[in-house]
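Following: one structure in structure tokens, then a few remarks.
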Amino acid sequence: MTTADLPARPPVPVLDPAGDLLTLTRALCDIPSVSGDEAAIADAVEAALAPLPHLEVLRDGDAVVARTRLGRAQRVVVAGHVDTVPIAGNVPTWLVGEGAEAQLWGRGTVDMKGGVAIQVALAATLTEPTRDVTWVFYDHEEVEASLNGLGRIVREHPDWLACDFAVLGEPTAAGVEGGCNGTLRAEVRVAGVAAHSARSWMGVNAIHGAGEVLRRLEEYVAADVEVDGLVYREGMNAVGITGGVAGNVVPDECVVTVNYRFAPARSVEEASAHVRELFDGYDVTITDSSGGARPGLDHPAAADFAAAALAFTGGTPAPKLGWTDVARFAELGIPAVNFGPGDPVLAHKDDEHCPVAQLTLCHDALRAWLTS
């Protein structure tokens with residue numbers, strides 16, 4: 001086979017980073033980029049930014065990094081992931097309402113291509129920011145931690161992320177959210193004994209036995225944990241269940257997959273021990289984990305950003321109840337916060353939508369801070 005025999009690669013979608021912000025957001029959202037399929041959107045971001053003389057543009061896989069080199073006293077990273085959870089009939093996007101009430105509906109409008117659009121627009125138009133800026137667009141955030149594109153950059157190009165402070169454009173409804181919960185997934189195995197279903201009394205049904213695992217989850221009371229003045233709500237939920245090999249066999253194993261979201265006061269080891277204690281008597285395997293991050297809003301750089309952003313948007317700092325890559329920056333000793341358009345409650349939902357006014361508000365607040 002020669003290159004001539006390979007299917008033609010689709011044309012790179014054309015973005016206008018200096019144009020209308022809503023149009024740019026829609027263009028990004030309308031490029032399907034479910035985790036593992038980010039090449040097209042990475043190509044589009046790279047093509048939009050690479051010709052600009054004030055930026056050095058780098059690429060690793062489907063992660064794109066664009067940075068200024070102005071010799072400023074401070075460097076900040078502004079980062080966002082370009083992947084989404086699976087599409088649910090909500091691409092292409094559509095606009096609902098007009099004027100101040102307008103909303104952009106569709107996959108990625110909240111989590112988090114609204115934030116990515118702001119990054120692309122500011123990266124293109126801010127030629128003389130008062131801080132050097134590294135704009136990071138990365139892949140595979142919505143799947144297991146081992147695939148995360150930002151983590152890959154940390155491992156393979158740590159110098160790309162060198163900075164004094166970082167902003168994650170995750171949805172915060174235009175507020176500032178500090179830190180984040182940790183997350184882990186565990187497989188809880190229920191053992192049984194296989195038998196012909198016509199003689200089920202000769203076996204032990206593992207799926208029936210999973211009822212006790214589900215009962216413990218149903219009775220579990222999630223904690224609210226105060227960390228450095230912000231209250232993080234935990235959660236423990238079954239997110240999957242598998243078992244059975246055939247329609248006439250009593251299953252000898254059932255696996256309940258559990259997701260634990262834990263406050264940043266706990267380490268991964270402490271969270272793992274808590275899950276094992278809850279499911280004492282069962283075989284528990286931790287399959288994926290990422291530690292949380294404390295708020296860190298007492299750091300001068302974080303406090304400065306929060307004050308500047310909230311002067312535009314109003315409100316007070318709040319906790320990030322999901323997991324974000326602020327935790328990855330925390331591991332590097334870099335203070336970081338979450339700030340972006342869209343209500344995080346709508347992330348991953350089929351009715352995901354973002355107020356257009358929040359796109360403009362977050363864009364203007366970030367621009368003001370980077371030029372102050």
Side-chain angles (χ1 to χ4, degrees), residues 54-55 65-80 112 114-123 125-137 150 154 159-180 226-232 264 292-322 324-342 344 358-372:
H54 67 282
L55 293 174
V65 172
R67 59 188 180 185
T68 63
R69 288 187 173 276
L70 301 171
R72 303 298 195 228
Q74 185 185 51
R75 176 173 291 277
V76 299
V77 164
V78 183
M112 57 161 285
V116 169
I118 291 169
Q119 288 180 238
V120 173
L122 291 177
T125 58
L126 281 184
T127 58
E128 291 286 338
T130 54
R131 301 161 174 85
D132 268 310
V133 188
T134 302
W135 306 94
V136 182
F137 309 86
L150 194 64
V154 170
D159 57 302
W160 292 7
L161 298 180
C163 67
D164 302 291
F165 179 64
V167 177
L168 272 292
E170 291 278 359
T172 62
V176 172
E177 293 184 344
C180 68
E226 183 174 337
V227 183
D228 299 339
L230 299 181
V231 178
Y232 294 82
R294 300 181 76 91
L297 293 172
D298 55 348
H299 189 284
D304 170 67
F305 175 81
L310 294 178
F312 260 80
T313 66
T316 58
K320 171 57 76 177
L321 300 183
T324 75
D325 279 293
V326 295
R328 205 172 298 280
F329 285 104
E331 290 179 355
L332 297 173
I334 298 169
V337 298
N338 305 282
F339 176 72
Q358 284 188 14
L359 291 170
T360 303
L361 189 61
C362 290
H363 172 277
D364 292 351
L366 193 56
R367 182 185 182 88
W369 178 67
L370 288 172
T371 56
S372 63

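Index from 1, following the sequence.
- Looking at Q74, its side chain never comes within 3.5 Å of a backbone N or O of D164 through a donor-acceptor pair.
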Exercise for review: Carefully, step by step, assess D132 and R67 under the rule side chain to side chain contact (heavy atoms under 4.5 Å, CB included).
Suggested key: CA-CA 8 Å; D132 268 310; R67 59 188 180 185; over 6 Å; no

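- Side-chain contact check for K320 versus P344: some heavy-atom pair is nearer than 4.5 Å.
- Note on residues 298-318: pairs passing salt bridge (charged side-chain N to carboxylate O under 4.0 Å, His left out), not counting sequence neighbours, are R131-D304.
- Applying the side chain to side chain donor-acceptor pair (under 3.5 Å) test to every pair with at least one member in residues 307-317, sequence neighbours left out, gives no pairs at all.
- Under the 3.5 Å distance criterion, the side-chain polar atoms of Q119 are left unmatched by any main-chain donor or acceptor of F137.
- For A336, the side-chain contact (heavy atoms from CB on, under 4.5 Å) partners are A166, V326, F329, not counting sequence neighbours.
- Annotation: side chain of V154 is in contact with side chain of L161 (closest heavy-atom distance under 4.5 Å).
- The aromatic rings of F305 and F165 sit tilted, their planes meeting at an angle between 30° and 60°.
- Proximity of L55 to T68: side-chain heavy atoms (C-beta onward) are separated by under 4.5 Å at one or more points.
- Rounded to the nearest 0.5 angstrom, D228 CG and R294 CZ are separated by 4.0 Å.
- For the atom pair L366 CG and T371 OG1, the distance stands at 9.5 Å (nearest 0.5 Å).
- Side-chain contact between L126 and V133: absent, with no pair of heavy atoms (C-beta onward) separated by less than 4.5 Å.
- With a 4.5 Å cut-off on side-chain heavy atoms, V136 and W160 do not count as touching.
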Exercise for review: Quick one: do E177 and E170 satisfy side chain to side chain contact (heavy atoms under 4.5 Å, CB included)? Show the steps, please.
Suggested key: CA-CA 9 Å; E177 293 184 344; E170 291 278 359; over 6 Å; no

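- Across every non-hydrogen atom of L70 and P129, the tightest pair is CD1-CD, 3.6 Å.
- Side-chain contact between T172 and V337: absent, with no pair of heavy atoms (C-beta onward) separated by less than 4.5 Å.
- Between L297 and P317 the shortest heavy-atom distance is CD1-CB, 3.4 Å.
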